[in-house]
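In what follows, a single structure is set out as structure tokens and then discussed.
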Amino acid sequence: MEENNETSEGGFILLGFSDQPQLEIIIFVVVLISYLLTLVGNTTIILVSRLDSKLHTPMYFFLTNLSFLDLALTTSIVPQLLWNLRGPAKTITSTGCILQLYVSLSLGSTECVLLTIMAFDRYVAVCRPLNYTTVMHPSFCKTLAGTAWLSGVGNTLIQSTITLRLPRCGHRRLHHFLCEVPAMIKLACVDIHANQVQLFVATLVLLLLPMALISVSYGFIAHSVIKIKSSQAWCKALGTCGSHLLVVSLYFGTSSVIYIQPQRSFGHSQGMFLTLFYTVVTPTLNPLIYTLRNKDVKGALRRLLHTQFLSFSTCASLVGVCCFVFYIAWYLLFTGNTKANQNLP
């Protein structure tokens, strides 16, 4: 345990894509562009949903939560990733690793539950339209959103704490680009069977169960739409559910491969690229999916631009806030990397 404590003080080495140096500059550019688009796109959705009164509905309330989740999730991962991709140093401080582990797992778990809640919202909208306003009451929506956030916090408090208490015996080389539970477990120098069982149970509750509930919800939606022999009803249902279904497919499709695949494959290049997709690329695509496929959002954007709510000064302020958030996250979470480089071989 003493060696474990010494390792924690020195920090960790994130090997990441170091075995493919020719790709690091390409990944750096792609991640940087994706992150900037994520900041602008998701912040725009949050502002539009709050400023346009026509979007003050349960669907856009949950979408605002999703956009905030994507902003926070990428900010907990991307600054450190860019730091390590830019040069030979692949280190992260112990504090930075712990923060990244707790925050990213909490936000990722919350998103799984939130996407399930959004599927339930679409089910009520399509299958119980006359009862929609009664069922999806604002106070009930807030309760559902709060449940999603609490489930994420509870999951990370359990999983991350148990993972960090494992003795590592001086091991500090993570075969990953971020501090994640499956990769951290592999550093342990004791039997990790119990941890693998605990991880499987968490995956079952927060990944497989939401996927099953979402599938059931869309099964009911499809059954209801089929009974209505109207092309207009089909188009309305597709417009109502298409964006959410696409987001669900992107997020669960990649994350499920990471957490359901055999433990021995964690940390391999294929797994890292899949993790990169659902933690960096998917949050970039979400705003595009919801704006390009959604007439309400596009209409709200046009109205706000027409009434000059989003004037040049507002847009400039938005860009400034995004840059400020990026800088603060980089500085506060990972400013100790230079010092860590001196302590690690």
Side-chain angles (χ1 to χ4, degrees), residues 1-19 21 24-25 27-28 31-32 34-35 38-39 71-109 152-153 155-190 192 195 266-267 271-272 275-276 279-280 323-345:
M1 186 65 70
E2 182 179 350
E3 292 182 42
N4 185 29
N5 293 336
E6 291 175 0
T7 302
S8 297
E9 292 175 2
F12 298 90
I13 301 174
L14 297 175
L15 297 178
F17 303 97
S18 57
D19 60 338
E24 285 192 318
I25 184 62
I27 296 174
F28 179 89
V31 170
L32 179 60
S34 296
Y35 183 58
T38 298
L39 289 177
L71 282 173
L73 179 62
T74 53
T75 300
S76 70
I77 295 172
V78 170
Q80 177 64 47
L81 176 59
L82 292 176
W83 177 280
N84 288 348
L85 287 173
R86 69 178 179 80
K90 309 297 179 186
T91 57
I92 182 173
T93 62
S94 177
T95 302
C97 185
I98 292 172
L99 285 174
Q100 188 178 75
L101 181 65
Y102 274 97
V103 173
S104 62
L105 180 58
S106 173
L107 296 172
S109 303
V153 172
N155 181 50
T156 196
L157 287 177
I158 296 173
Q159 285 205 68
S160 299
T161 302
I162 293 175
T163 300
L164 290 172
R165 290 177 63 86
L166 289 171
R168 294 184 291 273
C169 303
H171 299 159
R172 52 192 174 191
R173 294 178 177 271
L174 280 166
H175 292 274
H176 216 312
F177 62 83
L178 79 159
C179 294
E180 193 177 35
V181 170
M184 294 288 289
I185 288 177
K186 293 185 66 176
L187 296 182
C189 55
V190 294
I192 59 173
N195 298 85
F266 284 130
M272 286 191 295
T275 302
L276 189 68
T279 57
V280 178
C323 294
F324 179 74
V325 169
F326 178 80
Y327 172 77
I328 290 298
W330 194 325
Y331 181 81
L332 291 181
L333 297 181
F334 312 110
T335 188
N337 279 280
T338 302
K339 182 178 179 180
N341 292 340
Q342 299 173 355
N343 296 331
L344 296 177

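Position 1 is the first residue of the sequence, and the numbers go up from there.
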Taking Ser76 for its side chain and Leu73 for its backbone only, find out whether a donor-acceptor pair lies under 3.5 Å.
-> yes
Where is the tightest heavy-atom contact between [X] and [Y], given as atom of each residue plus distance?
| X | Y | answer |
| --- | --- | --- |
| Lys90 | Ser18 | CE-CB, 4.1 Å |
| Thr74 | Leu71 | OG1-O, 3.1 Å |
| Pro167 | Val190 | CG-CG1, 3.5 Å |
| Val280 | Ser34 | CG1-CB, 3.9 Å |
| Cys189 | His171 | CB-CE1, 4.2 Å |
| Arg173 | Leu15 | NH1-CD2, 3.9 Å |

Evaluate the criterion side-chain contact (heavy atoms from CB on, under 4.5 Å) for residue pair Tyr102 and Thr161; output intermediate values, then yes/no.
-> CA-CA 8 Å; Tyr102 274 97; Thr161 302; 2.7 Å; yes
With Ser160 via side-chain hydrogen bond (donor to acceptor under 3.5 Å, both in side chains) - residues at least two apart | Thr156
Output all residues satisfying side-chain hydrogen bond (donor to acceptor under 3.5 Å, both in side chains) with Thr279, sequence neighbours left out; order by chain, then residue number.
-> none
Side-chain contact test, heavy atoms from C-beta onward, threshold under 4.5 Å: evaluate it for [X] versus [Y] and give yes or no.
| X | Y | answer |
| --- | --- | --- |
| Gln80 | Leu178 | no |
| Ile162 | Val181 | no |
| Ser104 | Glu180 | no |
| Ile92 | Trp83 | no |
| Leu166 | Leu187 | no |
| Thr38 | Val78 | no |
| Thr75 | Tyr35 | yes |

Euclidean distance, [Y] [atom2] relative to [X] [atom1], rounded to 0.5 Å:
| X | Y | atom1 | atom2 | value |
| --- | --- | --- | --- | --- |
| Leu105 | Asn155 | CG | CG | 5.0 Å |
| Gln159 | Ser109 | CD | OG | 6.5 Å |
| Leu14 | Gln100 | CG | CD | 7.0 Å |
| Glu24 | Ile27 | CD | CD1 | 7.0 Å |
| Arg168 | Leu174 | CZ | CG | 9.0 Å |

With sequence neighbours left out, write down each residue that passes ring pair (Phe, Tyr, Trp, His ring centres under 6.0 Å) with Phe177, or none if nothing qualifies.
-> Phe17
